[in-house]
Peer 1: 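Take this structure, written in structure tokens, and hold onto it; I'll ask about it next.
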Amino acid sequence: MSNTFGTLFKLTTWGESHGPAIGCIIDGCPSGLTLKAEDIQKDLDRRRPGQSTVTTGRNEPDKAEILSGIFEGKTTGTPISIQIKNTDQDPSKYANLKTLVRPSQADYAWREKYGSIDYRGGGRYSGRETATRVAGGAIAKKILSTQNIEIIAYTKEIAGVGIDTDIIDYSNTTKLKKLIESNLVRSPDPEAAKIMEHAIQQAKKDSDSVGGIIEAIAFNVPAGLGEPIFDKISADLAKAMLTIPAVKAFEIGAGLELARMRGSQANDAFTIVNKKIRTETNNSGGIQGGITNGMPIIIRIALKPTASIAAKQHTVDIKKNKNAEIQIIGRHDPCIVPRAVPVAEAMMALVITDHALMTGKIQRKL
Ligand SMILES: Cc1cc2nc3c(=O)[nH]c(=O)nc-3n(C[C@H](O)[C@H](O)[C@H](O)COP(=O)(O)O)c2cc1C
């Protein structure tokens, strides 16, 4: 089993959805970084369940406890261990899942591989594991902020309702972040956000779920990050994003749209802006040849509709080896997208921090 991500900046996550706690260990964090539990808590609060009417009803405070790696308010370069206690488990809701496998969840595949599953919400493969990534990612973001690198993600589409990208003002990131957090779906287009919220509520009423697209952008990333041939930063970002449960597609820059363009439309012409080499467009999403080119890194991920829905579905009883029907009564997100926004930011931060350490753009001692 693989529970560690990263080469120099390593995140190891542990714990199950219905165990006493979940947590992570960050190894390779530079020393001298000012770090408080609040730095981590801010992002955990954006991911935590029970935060609004469009998320799961499970109400976890997701309080981060830092157990090691900090002395007198600064990182020491030693492993940082973070624990988040599980406080609102309700295993009774999962009793019917002892022998029934949930369609499009990981139950069947996991059972085939390991011989058994934690039927109480999936245990290790529950979306709950992503809280620990957010904790590790918050530290990575803090490290990146020392280099003025900033990561912002938002909801681009839910249930086929897209945002008007022309109205996004990327020049003031503080304002942009506030706007994204001003609605329940984390969208920078308040009008589209209302329609998305409605689509989620409607799906919930119908005992169903919806999916969507998240866009994540990293600003002020220096040119030169990425280790071709096999550790291209684009490849590492793709892997990072595809490890997020429910993520089914990944794009960089113009992504799939590039396949429909001519070279003359797709090529990013070089130009000098304030004495710096930049490109007029950014269809490459800030990465060429697997190496950053100094333009913002732009990526997108598609999340499928939540697999656990209350509507009746066909499945099998694996004990009886017979066809059966399933109705999932646990507390689930009718749409995962709003809570996955900070998870995407965290995974992007982990990758960029790791590569910045590899190229020496960030030192071991801050
Ligand atoms: C923040 C977050 C919350 C999630 N919550 C749920 C949930 O309530 N119900 C569910 O079926 N899946 C949920 N998932 C997705 C499942 O964990 C995922 O679909 C499942 O493990 C199967 O993996 P796959 O979809 O990547 O194939 C969540 C994912 C994330 C990132």
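Order of appearance sets the numbers: ligands from 1, and atoms from 1 within every ligand. These figures come from a predicted structure and were not determined experimentally.
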Peer 1: Taking ring-ring contact (aromatic ring centres under 6.0 Å, His included) as the test, write out the residues that go with Tyr119, two or more places apart.
Peer 2: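 If we apply the ring-ring contact (aromatic ring centres under 6.0 Å, His included) test to Tyr119, skipping adjacent residues, there are no hits.
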Peer 1: Can you tell me how far the CG atom of Leu225 sits from the NZ atom of Lys361, to the nearest 0.5 Å?
Peer 2: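 Reported to 0.5 Å precision, the distance equals 6.5 Å.
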Peer 1: Regarding Thr13 and Arg124, do their side chains bring together a donor and an acceptor under 3.5 Å, going by distance alone?
Peer 2: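 Yes.
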Peer 1: Do any N/O atoms on His332 end up under 3.5 angstrom from N/O atoms on ligand 1?
Peer 2: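 His332 vs ligand 1: N/O contact under 3.5 Å present.
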Peer 1: Could you verify whether a donor N or O on one side chain and an acceptor N or O on the other, from Arg339 and Thr56, lie under 3.5 Å apart?
Peer 2: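 Absent: no donor and acceptor within the cut-off.
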Peer 1: Could you tell me the residue and atom name of the protein heavy atom closest to atom 20 (C) of ligand 1, and the distance to it rounded to 0.1 Å?
Peer 2: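 Atom 20 (C) of ligand 1 sits closest to the protein heavy atom Gln105 OE1, 3.2 Å.
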Peer 1: Consider only side-chain N and O atoms of Asp107 and Tyr125, and report whether a donor and an acceptor are under 3.5 Å apart.
Peer 2: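 Indeed, the side chains of Asp107 and Tyr125 share at least one donor-acceptor pair under 3.5 Å.
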Peer 1: Is it true that Val343 lies under 4.0 Å from ligand 1, counting heavy atoms only?
Peer 2: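 Contact absent.
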Peer 1: Please check if any side-chain donor atom of Asn3 sits under 3.5 Å from a side-chain acceptor atom of Thr12, or the reverse.
Peer 2: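 No, because no side-chain N or O of Asn3 sits under 3.5 Å from a partner of the opposite role on Thr12.
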Peer 1: Could you find the nearest protein heavy atom to atom 6 (C) of ligand 1 and give me its residue, atom name and distance?
Peer 2: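 Closest protein heavy atom to atom 6 (C) of ligand 1: Thr306 CG2, 4.0 Å.
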Peer 1: Which residue owns the protein heavy atom closest to atom 21 (O) of ligand 1, what's the atom, and how far is it?
Peer 2: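 Heavy-atom neighbour on the protein nearest atom 21 (O) of ligand 1: Tyr125 O, 3.1 Å.
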Peer 1: Note the single closest protein heavy atom to atom 31 (C) of ligand 1, along with its residue, its atom name and the distance in Å.
Peer 2: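 Sorting protein heavy atoms by distance from atom 31 (C) of ligand 1 puts Pro245 O, 3.6 Å first.
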Peer 1: Judged by modelled atom types alone, do Thr87 and Glu60 share a side-chain donor-acceptor pair under 3.5 Å?
Peer 2: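 Yes.
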Peer 1: Does Arg47 come within less than 4.0 Å of ligand 1, judged by its heavy atoms?
Peer 2: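 Right, Arg47 reaches ligand 1.
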Peer 1: Could you check atom 11 (O) of ligand 1 against the protein and tell me its nearest heavy-atom contact, residue, atom and distance included?
Peer 2: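 Result: Ser308 OG, 2.6 Å.
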Peer 1: Looking only at distances, please establish whether an N/O atom of ligand 1 is found under 3.5 Å from an N/O atom of Val247.
Peer 2: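 It does not: no N or O of Val247 is found under 3.5 Å from an N or O of ligand 1.
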Peer 1: Between ligand 1 and Arg102, is the shortest N or O to N or O distance under 3.5 Å?
Peer 2: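 Such a contact does not occur with ligand 1.
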Peer 1: Looking at ligand 1, does Arg128 have a heavy atom less than 4.0 Å from it?
Peer 2: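 Under 4.0 Å: no for Arg128.
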Peer 1: What protein heavy atom sits nearest atom 28 (C) of ligand 1, and how far off is it?
Peer 2: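 Result for atom 28 (C) of ligand 1: Ile336 CD1, 3.6 Å.
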Peer 1: Answer yes or no: does an N/O atom from Lys248 fall short of 3.5 Å to an N/O atom of ligand 1?
Peer 2: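 Yes, since at least one N or O of Lys248 sits under 3.5 Å from an N or O of ligand 1.
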Peer 1: How far is atom 26 (O) of ligand 1 from the closest protein heavy atom, and which atom is that?
Peer 2: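 The closest one turns out to be Ala246 N, 3.0 Å.
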Peer 1: Between CD1 of Ile252 and CG of Asn283, what distance do you get to the nearest 0.5 Å?
Peer 2: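 The distance works out to 13.0 Å.
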Peer 1: Measure across Arg128 and Lys85 and return the closest heavy-atom pair with its distance rounded to 0.1 Å.
Peer 2: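 Looking at all heavy atoms of both residues, the closest pair is NH2-O, 3.8 Å.
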Peer 1: Determine, step by step, whether Gln288 and Ser284 satisfy the side-chain hydrogen bond (donor to acceptor under 3.5 Å, both in side chains) criterion, reporting the C-alpha distance in whole Å, the side-chain angles of both residues, the deciding distance to 0.1 Å, and the verdict.
Peer 2: CA-CA 6 Å; Gln288 286 162 340; Ser284 308; 2.9 Å; yes
Peer 1: Give me the nearest non-hydrogen protein atom to atom 19 (O) of ligand 1 as residue plus atom name, then the distance to 0.1 Å.
Peer 2: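 Protein heavy atom at minimum distance: Lys304 CE, 3.6 Å.
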